Amino acid sequence: MPKTSLDKSKIKFLLLEGVHQNSVDALHAAGYTNVELLPGALEGEELLRKIADVHFIGVRSRTQLTAQVLEHAHKLVAIGCFCIGTNQVDLKVAREKGIAVFNAPYSNTRSVAELVLAQAILLLRGIPEKNAAAHRGGWLKSATNAYEARGKTLGIVGYGAIGSQLSVLAEGLGMHVQFHDVVAKLPLGNAHQAASLHELLATSDIVSLHVPDLPSTKWMIKAAEIAQLKPGAIFINASRGTVVEIEPLAQAIRDKKLLGAAVDVFPTEPKSNKDEFVSPLRGLDNVILTPHIGGSTMEAQANIGVEVAAKLIRYSDNGTSTSSVNFPEVALPEHPGKHRVLHVHRNQPGVLSQINRILSDNDVNISAQYLQTNEAIGYVVIDLDAKSSDLALHKLAEVPGTLRCRVLF
Ligand SMILES: NC(=O)C1=CN([C@@H]2O[C@H](COP(=O)(O)OP(=O)(O)OC[C@H]3O[C@@H](n4cnc5c(N)ncnc54)[C@H](O)[C@@H]3O)[C@@H](O)[C@H]2O)C=CC1
Ligand SMILES: O=C(O)CCC(=O)C(=O)O
C-alpha cells in the first residue's frame with residue numbers, strides 16, 4: 001500500500017503531449033521543481049516505465065491511461081487531463097486506486113464552438129469543395145447549393161458547455177437553434193428543446209454533436225440516424241470519434257444525401273503527427289477533416305495549462321479535491337502550524353472508526369477532521385500536531401481498505 005510523505009522537490013510530475021509551458025511555470029512557482037515535459041504522447045513499455053516513477057501525470061487526449069497502465073502507477077497521486085474529455089483515463093480504476101483525476105471543463109469550450117460555427121458557414125457555401133477544386137486548377141463559380149447561415153436551423157445534440165455556447169453564437173448570426181439532451185436544460189436565447197433526437201435529426205439544416213464519450217453515446221449516430229437527416233443537411237462531429245459510425249456517414253456524402261460534413265474526431269486517430277491518418281472520409285471534397293484540434297488554440301491551451309496545474313498544485317499542497325471528476329470533493333482550509341494526513345480508502349464500514357481509534361489510542365491531538373465519500377471510496381483529512389504525523393501516517397496506512405495515505409507538512 002503506497003504511503004508518502006515527501007519533500008516538494010522529490011515529488012515528480014510528468015507532463016505529456018506538449019501541454020502549455022505555463023503549467024510547468026506554475027508548478028515551478030509553487031515549489032515543484034521536478035517536472036518533465038514531453039512533446040508527445042507515450043504508450044507501451046515506455047509509458048509503463050515512466051508512470052511507475054511519478055506522483056503526478058498530465059495528459060491530453062492521446063495518452064491512454066487504461067486499467068493495465070494504472071496497475072503500474074504505484075506512486076501516482078493524481079492525474080491531470082489538460083482537456084475536457086476524460087475518456088482516455090479509466091476513471092473507475094483510478095478511483096479504486098485512490099488516484100484523483102482533474103480536468104479543465106471550460107477552458108477550450110469557446111474554441112470548439114467557434115470552430116464548429118466556422119465549419120457550418122463554410123459548408124453552407126460549399127467552400128471546402130470549391131477550395132479543393134481551385135487548388136487543382138478548377139473554378140466552381142456558382143450559387144447552386146450555397147446558402148446563408150441566417151434563418152437556417154441548427155440542431156445541437158448535447159446542450160452542455162460547448163453546445164450551449166454554440167447556441168448563443170449561432171443565434172447571433174440569425175440561426176434558429178434546437179437541441180436534444182438527456183438532461184432538461186435551460187434553453188438560452190430563443191433556442192428550444194426538440195421533442196426527440198429523431199425530431200432534431202429530421203428537422204435541422206445543420207446537426208452538430210457535443211456529447212461526451214459514454215457507453216450510452218457509443219455509436220449513437222449510425223446508418224439509421226444518418227438516414228433520418230434532412231436531404232441536403234450538414235453534419236458536424238467535434239465530440240468523440242466513438243459517437244458516429246463513419247462508413248454510413250461517408251456513404252451519405254458519396255450519395256449526395258448530405259451537403260457536407262465536418263469531422264474533427266475519429267474512431268481511430270493517429271498516435272502522432274508522423275502517423276498516417278486513415279479514414280473512409282478521405283478524398284471527399286465536401287468533408288472538412290481536422291486532426292482533433294477543436295480545442296487547440298493558443299488561448300485554450302494557455303488557459304488549460306493554468307487551470308489544471310492549479311488543481312494539481314492545490315491537491316498536492318493542501319489536499320483539496322474540489323472539481324475532481326472521480327473523487328469525493330473536499331474543499332480544505334490552510335493548515336498553519338499543523339500537519340495534515342490525507343487518507344483515501346475503500347468506502348467500507350468501519351474504516352473511519354478504526355482511524356479514530358488508532359488516533360485516540362496513540363494520544364494524537366486532532367485539530368480538524370474532514371470526510372467525504374462517494375459510492376466507492378472515502379477521503380478523510382486529519383489535521384494534527386506535527387509530532388504525531390509520522391506515527392499517524394504509518395499506522396493509518398495499515399488500516400484495512402486503505403488505498404493511499406500521505407502527509408502534508
Ligand atoms: N474536438 C475537441 O477538440 C474537443 C472535444 N470535446 C468533446 O466535447 C464533449 C462535450 O463537451 P462539453 O460541452 O464541455 O461537455 P458537457 O458535459 O458540458 O456537455 C455534454 C452534454 O451532453 C449531454 N448528453 C450526455 N449524453 C447524451 C445523450 N446520449 N444524448 C444527448 N445529450 C447527451 C449531457 O447531458 C450534457 O449536457 C466532451 O466530452 C469532449 O468529448 C471537448 C473539447 C474539445
Ligand atoms: O487537446 C486535446 O488533445 C483534446 C481536446 C479534447 O478533445 C477535449 O478537451 O476533450
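One-based numbering, in listed order, for ligands and for the atoms of each. Predicted, not measured: the structure shown is a model, and the values here were computed from it.
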Structural part of Tyr106 in contact with ligand 1, heavy atom criterion under 4.0 angstrom: neither

Ligand 1 versus Val182: contacting region, heavy-atom distance under 4.0 Å: both

Val344 versus Gly98, closest heavy-atom pair with distance: CG1-CA, 3.7 Å

Distance from atom 4 (C) of ligand 2 to nearest protein heavy atom, with residue and atom: Ser61 OG, 3.4 Å

Heavy atom of Lys185, distance to ligand 1 below 4.0 Å: yes

For Cys83, atoms of ligand 2 separated by under 4.0 Å from a heavy atom: 4 (C), 5 (C), 8 (C), 9 (O)

Steps toward side chain to side chain donor-acceptor pair (under 3.5 Å) verdict (Lys311, Ser323): CA-CA 8 Å; Lys311 289 179 181 179; Ser323 87; 3.1 Å; yes

Sequence neighbours excluded, every pair satisfying salt bridge (Lys or Arg N to Asp or Glu O under 4.0 Å) that has a member inside residues 264-289: Arg136-Asp285, Glu276-Arg282

Atom 39 (O) of ligand 1: the protein heavy-atom neighbour that sits closest, reported with distance to 0.1 Å: Pro212 CA, 3.3 Å

Close approach, Arg240 and ligand 2, non-hydrogen under 4.0 angstrom: yes

Nitrogen or oxygen of Asn108 less than 3.5 angstrom from that of ligand 1: no

Arg62 touching ligand 2 at heavy-atom level, < 4.0 angstrom: no

Distance from atom 7 (C) of ligand 1 to nearest protein heavy atom, with residue and atom: Ser239 O, 3.5 Å

Sub-4.0 Å heavy-atom approach of Gly295 to ligand 2: no

Polar side-chain atom of Asn34 near backbone of Ile11 as donor-acceptor pair, under 3.5 Å: no

Phe82 N/O to ligand 2 N/O under 3.5 Å: no

Residue, atom name and distance, where the atom is the protein heavy atom closest to atom 9 (C) of ligand 1: Val211 O, 3.6 Å

For ligand 2, the portion of Val265 having any non-hydrogen atom under 4.0 Å away: neither

Where ligand 1 meets Met220 - atom numbers and elements under 4.0 angstrom, heavy-atom basis: 30 (N)

Option nearest atom 8 (O) of ligand 1 (shortest heavy-atom distance, choices Val112, Ile162, Asp181, Asn87): Ile162

Under-4.0 Å heavy-atom contact with ligand 1, by part of Ile84 that carries it: side chain

Expected output: side-chain Arg404 to main-chain Lys97 donor-acceptor under 3.5 Å: yes

Heavy-atom nearest neighbour in the protein, as seen from atom 5 (C) of ligand 1, with distance rounded to 0.1 Å: Ala238 O, 3.1 Å

Side chain Ser111, main chain Ser296, donor-acceptor under 3.5 Å: no

Aromatic ring pairing Phe56/Tyr315, orientation class (parallel under 30°, perpendicular over 60°, tilted between): perpendicular

Minimum side-chain heavy-atom gap Ile358-Glu398 below 4.5 Å: no

Main-chain N/O of Asp383 paired with Ser367 side-chain donor or acceptor, under 3.5 Å: yes

Close N or O approach (Ile293, ligand 1; < 3.5 Å): no

Sidechain N-carboxylate O distance under 4.0 Å for Arg254, Glu247: yes

Side-chain heavy-atom pair Asn303, Val306 within 4.5 angstrom cut-off: no

Protein residue, atom and distance nearest to atom 1 (O) of ligand 2, heavy-atom basis: Arg60 NH2, 2.9 Å

Nearest neighbour in protein (non-hydrogen) for atom 1 (N) of ligand 1: Asp264 OD2, 2.8 Å

Proximal ligand 1 atoms for Gly295, defined as those under 4.0 Å from one of its heavy atoms: 2 (C), 3 (O)

Atoms in ligand 2 flagged as close to Gly85, the criterion being non-hydrogen separation under 4.0 Å: 8 (C), 9 (O), 10 (O)

Met220 backbone acceptor or donor facing Thr217 side chain under 3.5 Å: no

Nearest protein heavy atom with distance in Å, relative to atom 19 (O) of ligand 1: Gly160 CA, 3.2 Å

Ion pair Arg110/Glu114, N-O distance below 4.0 Å: yes

Polar atom proximity, Ala161 to ligand 1 (N or O, under 3.5 Å): yes

Backbone or side-chain N or O of Gly294 under 3.5 Å from ligand 1 N or O: yes

Atom 17 (O) of ligand 1 touched by protein (heavy atom, under 4.0 Å): no

Minimal non-hydrogen separation, Lys222 against Pro248, with atom names: C-CG, 4.4 Å

Residues, nucleotides or ligands: over 12 heavy atoms within 6.0 Å of His198 NE2: no

Test item: Ser316 side-chain N/O and Leu312 main-chain N/O as donor-acceptor pair under 3.5 Å: no

Thr63 and Glu17: CA distance, side-chain angles, deciding distance, side chain to side chain donor-acceptor pair (under 3.5 Å) verdict: CA-CA 8 Å; Thr63 307; Glu17 304 186 52; 2.7 Å; yes

Heavy-atom nearest neighbour in the protein, as seen from atom 7 (O) of ligand 2, with distance rounded to 0.1 Å: His292 NE2, 2.6 Å

Heteroatom distance test (Ile84, ligand 2): nitrogen or oxygen, under 3.5 angstrom: yes

Nearest protein heavy atom with distance in Å, relative to atom 10 (C) of ligand 1: His210 O, 3.5 Å

